[in-house]
Amino acid sequence: MPEVEKDRSDLIARLFPAGVPALLCPPITHYDTEGALDAGRTRAHMAVIAPHARCLLVPGSTGDGWELSPGEVRRLLEIHARLAGELGYSILVGALHPDAAEARRAVLDRLDLFKALAGTANAERALAASRVAGFTVCGPSGADLAQEAIEDALRRILDLGLPTAVYQLPQVTKNEISPSVMERLVGDYPNLWMMKDTSGSDRVVRAGIRRRGAVFVRGAEGDFASWLADKDGEGERKYDGFLLSSANAFASHLAQMIRLVRTGDRPAAAELSGRMDSVVRAVFAEAAALPFGNPFSNANKALDHVLAWGGADRAPAPRTRSGAFLPAGLLSAAEVALRRGGFLPARGYLET
């Protein structure tokens with residue numbers, strides 16, 4: 001085995017002794033009615049997600065990662081560092097910033113936080129103490145950026161030597177990392193252990209690049225079952241797993257779908273996938289019309305609210321990062337979609 005592949009394999013084995021989860025989730029961020037981070041509500045939600053998605057991206061785009069202040073990010077990471085040990089999940093730390101130099105500084109700032117929490121200057125021990133599996137960064141933003149500039153920016157972050165996942169997010173960055181750039185980065189940096197692609201075009205996976213043991217997960221919603229590689233890795237132009245915002249609502253069902261694919265029952269997986277897809281499409285379309293926040297966050301907040309309380313109007317509407325509360329129309333649409341899909345519980349997880 002080439003050295004870079006062995007080093008990556010050793011890193012992944014240290015980060016995930018039981019293997020990398022096939023389902024990861026970027027959890028929504030919960031606020032109380034005054035806009036402060038709500039640790040209690042966060043714990044209740046993570047207790048539902050974590051048994052099925054054992055690695056969480058905090059904060060991702062769905063968790064308002066582009067909008068939170070540095071102080072809010074630190075507080076949110078403190079909450080998750082405590083809950084990760086209690087509930088048994090790992091954390092991928094989001095360091096999302098349109099400027100690569102600022103993203104690099106954010107990585108170092110968040111590393112300092114974990115060192116302080118652990119009481120050690122050793123990076124590896126500090127990250128392990130808070131169950132941190134690494135840092136997630138996007139390429140720099142800019143529709144006209146050349147691939148050379150994108151590659152150089154990512155190399156400056158990867159040169160830190162910290163466990164890192166690269167996030168393909170053209171909806172925000174307005175560009176895509178090319179397959180050739182990703183192949184070179186995977187070949188040069190064993191600390192680059194995962195790529196998440198939310199583009200929907202899936203150009204990197206479709207290109208069939210040499211992955212060298214790196215994990216590739218899909219972040220685009222919909223058509224879930226058809227994009228998952230079989231248990232033995234058959235389907236090299238597919239993904240090893242998913243990092244999905246919809247896991248905020250469907251963690252157990254997505255995990256079930258993955259098991260069905262891996263055991264060879266693709267028809268059952270496709271049926272379950274189709275029902276989830278219908279709910280996601282309906283609620284995301286409704287959320288896209290809101291004049292505040294991002295659709296990923298708003299749609300998943302609506303779905304989680306209904307699942308938590310067993311209905312749209314059994315508790316006050318959740319607050320968003322903007323300060324606005326989700327409208328009754330979106331919450332009702334989420335309840336209708338969940339009922340039609342066969343996912344509406346008799347009692348919500350907060351009711352029980």
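For reference, positions follow the sequence shown, starting with 1.
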Do [X] and [Y] come within less than 4.5 Å of each other through their side chains, counting heavy atoms only?
| X | Y | value |
| --- | --- | --- |
| Val93 | Phe114 | yes |
| Val4 | Asp188 | no |
| Phe242 | Ile258 | yes |
| Lys196 | Phe216 | no |
| Phe135 | Leu127 | yes |
| Leu307 | Pro345 | yes |
| Pro267 | Asp265 | yes |
| Glu183 | Ser180 | no |

Hydrogens and angles aside, do [X] and [Y] bring a side-chain donor and acceptor to less than 3.5 Å of each other?
| X | Y | answer |
| --- | --- | --- |
| Ser201 | Glu176 | yes |
| Asn300 | Ser245 | yes |
| Asn294 | Ser297 | no |

Carboxylate-amine/guanidinium contact [X] [Y], below 4.0 Å:
| X | Y | answer |
| --- | --- | --- |
| Asp38 | Arg319 | no |
| Arg14 | Glu124 | yes |
| Arg281 | Asp277 | yes |

Nearest 0.5 Å please: distance from the [atom1] atom of [X] over to the [atom2] atom of [Y].
| X | Y | atom1 | atom2 | value |
| --- | --- | --- | --- | --- |
| Leu158 | Glu151 | CG | CD | 10.0 Å |
| Asp202 | Lys238 | CG | NZ | 12.0 Å |
| Ser252 | Met257 | OG | CE | 12.0 Å |
| Met276 | Ser246 | CE | OG | 7.0 Å |
| Ile28 | Asn248 | CD1 | CG | 5.0 Å |
| Arg8 | Asn191 | CZ | CG | 8.0 Å |

Give me the atom names and distance for the closest heavy-atom approach of [X] to [Y].
| X | Y | value |
| --- | --- | --- |
| Arg110 | Ala95 | NH1-CA, 3.2 Å |
| Leu326 | Ala302 | CD1-N, 3.6 Å |
| Pro327 | Leu290 | CG-CD2, 3.6 Å |
| Leu87 | Ala47 | CD1-N, 3.7 Å |
| Ala312 | Leu331 | CB-O, 3.5 Å |
| Val279 | Gly341 | CG2-CA, 4.3 Å |

With sequence neighbours excluded, what pairs up with [X] under the side-chain contact (heavy atoms from CB on, under 4.5 Å) test?
| X | value |
| --- | --- |
| Ala149 | Leu145 |
| Ala299 | Val283, Phe284, Ala287 |
| Val48 | Tyr349 |
| Ala129 | Ala118 |

Counting only heavy atoms not in [X] (residues, nucleotides, ligands), do more than 12 fall under 6.0 Å from its [atom1]?
| X | atom1 | answer |
| --- | --- | --- |
| Glu86 | CD | yes |
| Arg340 | CZ | no |
| Arg210 | CZ | no |
| Phe296 | CZ | no |

Any link between Val336 and Trp309 through a network of hydrophobic side chains (Ile, Leu, Val, Met, Phe, Trp, Tyr) touching at under 4.5 Å?
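The answer is no; the residues belong to distinct hydrophobic clusters.
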Joint cluster assignment, Phe325 & Leu37, ILVMFWY side-chain distance < 4.5 Å:
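In one cluster: no.
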Any donor and acceptor pair, going by atom type alone, linking the side chain of [X] with main-chain N or O of [Y] inside 3.5 Å?
| X | Y | answer |
| --- | --- | --- |
| Asn175 | Pro140 | yes |
| His30 | Ala39 | no |
| Thr164 | Leu162 | yes |
| Arg266 | Ala225 | yes |
| Asp32 | Ala36 | yes |
| Arg156 | Ala101 | no |
| Arg262 | Ala229 | yes |
| Thr29 | Gly63 | yes |
| Gln168 | Ile177 | yes |
| Arg125 | Thr120 | no |

Salt bridge (charged side-chain N to carboxylate O under 4.0 Å, His left out) between Arg105 and Glu102, intermediate numbers included:
CA-CA 5 Å; Arg105 280 191 284 272; Glu102 288 295 330; 2.4 Å; yes
List the atom pairs, with distances to 0.1 Å, where a side-chain N or O of residues 70-78 and a protein N or O form a donor-acceptor pair under 3.5 Å, not counting sequence neighbours.
{"from": "Glu72", "atom 1": "OE1", "to": "Ser69", "atom 2": "N", "distance (Å)": "2.9"}
{"from": "Glu72", "atom 1": "OE1", "to": "Ser69", "atom 2": "OG", "distance (Å)": "3.3"}
{"from": "Glu72", "atom 1": "OE1", "to": "Arg321", "atom 2": "NE", "distance (Å)": "3.4"}
{"from": "Glu72", "atom 1": "OE1", "to": "Arg321", "atom 2": "NH2", "distance (Å)": "3.0"}
{"from": "Arg74", "atom 1": "NH1", "to": "Asp109", "atom 2": "OD1", "distance (Å)": "3.4"}
{"from": "Arg74", "atom 1": "NH1", "to": "Asp109", "atom 2": "OD2", "distance (Å)": "3.4"}

Please evaluate residues Asn298 and Phe292 with respect to the criterion side-chain contact (heavy atoms from CB on, under 4.5 Å), reporting the C-alpha separation (whole Å), side-chain torsions for both, the decisive distance (0.1 Å), and the verdict.
CA-CA 9 Å; Asn298 290 337; Phe292 57 84; 4.2 Å; yes
Taking it one step at a time, do His52 and Leu254 satisfy side-chain contact (heavy atoms from CB on, under 4.5 Å)?
CA-CA 8 Å; His52 312 287; Leu254 287 164; over 6 Å; no
Please verify the inter-ring angle class for His253 with Phe250; under 30° counts as parallel, over 60° as perpendicular, anything in between as tilted.
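The arrangement is perpendicular - the two ring planes meet at more than 60°.
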Which residues end up grouped with Leu96 if you chain together Ile, Leu, Val, Met, Phe, Trp and Tyr wherever their side-chain heavy atoms are less than 4.5 Å apart?
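Joined to Leu96, directly or through intermediates: Leu11, Ile12, Leu15, Phe16, Val20, Leu24, Leu57, Trp66, Leu92, Tyr167, Leu169, Val172, Trp193, Met194, Val215, Val217, Leu243.
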Report yes or no: is the cationic atom of Arg155 (NZ for Lys, CZ for Arg) under 6.0 Å from the centre of the six-membered ring of Tyr189, at an angle within 45° of the ring normal?
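The answer is no, since Arg155 fails at least one limit relative to Tyr189.
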Please report the C-alpha distance between Asp197 and Ser199 in whole Å, then the side-chain angles of each, then the deciding distance to 0.1 Å, and finally whether the side-chain hydrogen bond (donor to acceptor under 3.5 Å, both in side chains) criterion is met.
CA-CA 6 Å; Asp197 193 335; Ser199 66; 2.6 Å; yes
